[in-house]
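Working notes, beginning with the structure itself.
The shown structure was predicted, so the numbers you read here are calculated from the model rather than taken from an experiment.
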Amino acid sequence: MYIEIKHKDIQHAVKGAARVVQKNPQLPVLGCVVLVAQDNKVMVRATNLEVGIEFVLPGKVTEEGAVAIPAPILTSFVGTLKGDETLSLKASGDIVTAKTKVGSTKIKTISAEDFPDLPKASGTTFTIPGPKLAQSFDSVAFCASLSMIRPELASIYLKGTEEGLVSVATDSFRLAEKKVPVDKSTEFDPILVPARNVPDIISILDGADTVSVSLDEHHVTFDTGKGFVTSRLTTGNFPDYTQILPKSYTTHATILTQDLLDALKTVAIFSDSFSKVTVDVSPEGKKFILLAQNMDTGETVETVQAALEGDDISMNFNHRYVSEVYGVINSDSTQFSFAGPGKPLLIQGVGDTTFTYIVMPMNR
Amino acid sequence: MNTQIDTRELWEKILAQVELSISSANFNTWFKDSGIVRIDDSVVYIGVPSQFFKDWYIKKFHKLLLQIVLGISEDIRNIEYIIVRDEKRRHADRSYKTKNATGELPLEQYYINKSDNLNPRYTFDTFVVGSFNELAYAAAQASVKRPGITYNPLFIYGDTGRGKTHLIQSIGNEYKRLYPNRKVFYLASEKFAHEFQSAVANGTANRFKEKYRQYDLLIMDDIQFIAKMEKTQEELFHLFNYLHDNNKQIVFSSDRNPNHIPEIADRLQTRFSMGMIVDIGEPDTDSRISILRKKATQHGIVLPEETIEFIATTAKGSIRELEGILNSIVCQAQLKGETPSLNDVKHILKTISKPQRSISVKNIVSKIAEFYGIDEESIYEKTRRREVVRPRQVIMYILREDFSVSYPTIGSKLGGRDHTTVIHSCEKIKRELLTDTALGEEVDQVRGLLV
């Protein structure tokens with residue numbers, strides 16, 4: 001194998017591919033990123049047998065071939081490359097020689113023969129705008145459960161409807177739903193994408209205008225032309241989340257997002273080991289108060305300016321569940337809608353109805 | 001067609017051969033999660049976890065597998081690969097929770113109150129009072145009505161499954177109800193020890209001390225677990241003094257009388273004794289009946305009188321075991337949709353009852369001999385040395401009283417003595433126990449050893 005590629009291109013591809021690679025696999029080649037030169041194209045591949053990813057890079061192929069290089073070594077090495085220069089890679093035996101303008105490096109490789117083929121889902125195929133798909137995943141991914149006890153909750157629910165893409169994730173304590181309108185909508189049945197594979201999918205979507213999505217019973221493939229990623233789908237039924245969205249609300253509060261975040265930051269310091277903050281809303285007394293109390297460190301009460309209506313209510317929340325959503329809500333002001341004691345709280349950005357977030361209160 | 005071929009057996013035979021043909025890394029990566037799904041019409045269907053596997057099997061292992069399979073069974077013509085859903089995992093999830101995934105969720109399941117550790121299920125209302133525990137119950141009531149004054153500390157002991165935890169948690173819950181502004185804390189002594197040790201290791205011992213000194217009612221369960229932990233005992237001693245001096249109520253429980261817990265410092269033992277020590281004995285049949293009836297009502301099923309009586313008299317276990325038996329009856333009742341008959345119950349009891357506890361005579365002899373610091377052999381010998389005679393009599397007494405061994409058997413087991421000798425010894429100890437308190441303590445301690 002003898003290839004020449006731009007620093008920037010290989011850096012991007014190796015970073016994306018290396019993320020997939022599992023640490024210390026039993027089969028050494030699965031701990032590698034594989035470089036393939038074929039048909040005048042350079043492919044960078046990696047898999048953990050749940051996800052397979054391939055980046056296609058522009059580059060000059062002088063001699064075809066394939067090498068597998070342990071992911072940590074390759075990642076660190078390409079991380080040191082600088083400038084808009086060209087890197088040449090030449091394999092001979094189990095050594096690959098990497099030449100830059102200033103240096104020459106010999107890296108030990110592993111035979112790529114045992115590296116499995118990366119499958120592609122073979123069912124229905126349709127296209128979606130890349131940025132919209134990335135937005136769908138990005139907006140809800142933080143809510144997915146980290147535990148694998150219930151695989152369907154450790155997944156992101158994605159559905160194509162008439163209005164566009166609908167994505168949902170929940171860990172059963174909070175739930176996020178994002179609707180992304182798409183110009184030319186595509187309808188497809190809901191799929192469950194394992195949440196831990198989502199960063200890999202997003203890495204391939206980076207910079208792609210349209211992606212072609214293929215689905216079969218067990219897999220989904222996202223192909224951008226500059227690479228593709230295939231992920232296993234979670235088999236299981238996502239809970240009927242529409243049922244748990246509150247039907248009516250008793251209290252509404254509209255707050256400046258920045259004010260709320262500042263207050264949350266303060267109360268977070270004094271929340272107890274369960275991260276509990278109390279939200280005390282009194283439209284009659286014109287008060288919106290956050291308070292936290294910790295036996296060991298102290299307590300704090302923060303008043304936030306707010307426009308209020310409805311009944312008085314006081315509820316406890318995990319402050320992380322509240323503040324985390326502001327990674328996704330960008331509106332200047334935000335609305336809290338309370339459905340009553342023990343019922344979930346709805347949080348939305350004012351003027352943004354595409355994103356819905358509900359969080360369960362803590363009981364006393 | 002080839003249903004006779006056991007799929008599992010076949011897969012194991014295949015694996016055994018595959019393992020020889022490929023590297024162990026390859027084998028572990030590709031074959032660990034696969035298996036034969038079915039054999040149909042001379043075709044073996046191998047289930048694999050994902051498309052990655054399927055493609056690789058077809059490309060790399062198909063020839064090898066086919067060769068092996070043909071070698072094992074001539075009836076098979078081909079192998080197909082299918083991706084199997086993770087059925088097994090799914091199955092486990094079902095039982096976890098099926099309906100209503102988010103909404104009114106796990107948060108609500110945290111049944112135990114975090115700030116005081118009390119389980120709201122344990123209240124005086126659900127506590128069944130009988131002759132075996134009425135003293136403990138009355139003491140518990142009194143300690144709630146006049147906390148810190150009447151019985152401080154209150155020490156409740158009894159064998160496992162007699163309702164100690166229920167009773168002391170009830171104290172906590174009732175106290176909380178009566179004095180909502182005061183602080184209650186319940187914990188097991190093992191947790192106390194663990195927390196203390198990590199506080200010392202992290203250099204936060206002061207914070208630890210303060211934390212426990214703020215409580216108005218401290219309930220510590222299973223105190224016997226801090227035996228041998230000297231530092232923890234010392235800490236508990238100081239904590240005890242502080243709380244007691246400030247008239248804060250303290251409640252302990254243990255599986256035996258505090259004075260019989262070896263390796264608990266004397267200064268703690270005497271402090272345990274300064275309030276009130278009550279024991280919860282074995283529930284009599286009447287109490288067992290009323291416990292069963294109450295629990296059955298809680299489960300929402302009505303058992304016929306004869307069934308309840310049968311369980312109460314036959315199942316000679318702790319209350320916890322009664323509850324277990326009742327649970328399986330309730331489960332059966334729900335499965336079948338009808339109340340089980342007496343015969344069904346008899347059948348259930350047969351399958352879950354455990355064998356009677358039995359302790360060999362030899363075991364008892366060696367323990368008691370060790371207690372008195374004499375040679376075990378000398379018990380069986382015909383010697384009449386004073387230091388041997390007394391322990392031998394105590395052994396006979398305990399075998400007779402606690403384990404109901406017959407007089408002749410005791411005699412023959414202890415070196416072939418006449419049963420009249422045994423009767424005489426037992427009578428003698430019994431007589432002396434009435435007047436000699438030192439002997440009484442000795443016997444109690446010996447019993448402590450045999451628990």
To the nearest 0.5 Å, what is the distance between [atom1] on [X] and [atom2] on [Y]?
X	Y	atom1	atom2	value
B:S50	A:N48	OG	CG	9.5 Å
B:D55	A:K120	CG	NZ	12.5 Å
B:I58	A:D117	CD1	CG	10.5 Å
A:L30	B:F52	CG	CZ	10.5 Å

Indicate yes or no for a side-chain donor-acceptor contact from A:H219 to the backbone of B:Q51 under 3.5 Å, with no hydrogens or angles considered. yes
Tell me, out of B:E210, B:Q214, B:K211, B:K59, who's got the most heavy-atom pairs with chain A below 4.5 Å. B:K59
Side chain, backbone, both or neither: which part of [X] has a heavy atom under 4.5 Å from chain B?
X	value
A:D296	side chain
A:P28	side chain
A:V359	neither
A:T47	side chain

Heavy-atom nearest pair, A:F115 first then B:W56, reads O-CH2, 3.1 Å
Taking side chain as C-beta onward, heavy atoms only, is B:T29 less than 4.5 Å from A:L49? yes
Less than 4.5 Å apart, side chain to side chain, heavy atoms only: is that true for A:P116 and B:F53? no
More than 12 heavy atoms from other groups under 6.0 Å of [atom1] on [X]:
X	atom1	value
B:K248	NZ	yes
A:K23	NZ	no
A:R19	CZ	yes
B:E195	CD	yes

B:K60, part contacting chain A, at a heavy-atom distance under 4.5 Å: side chain
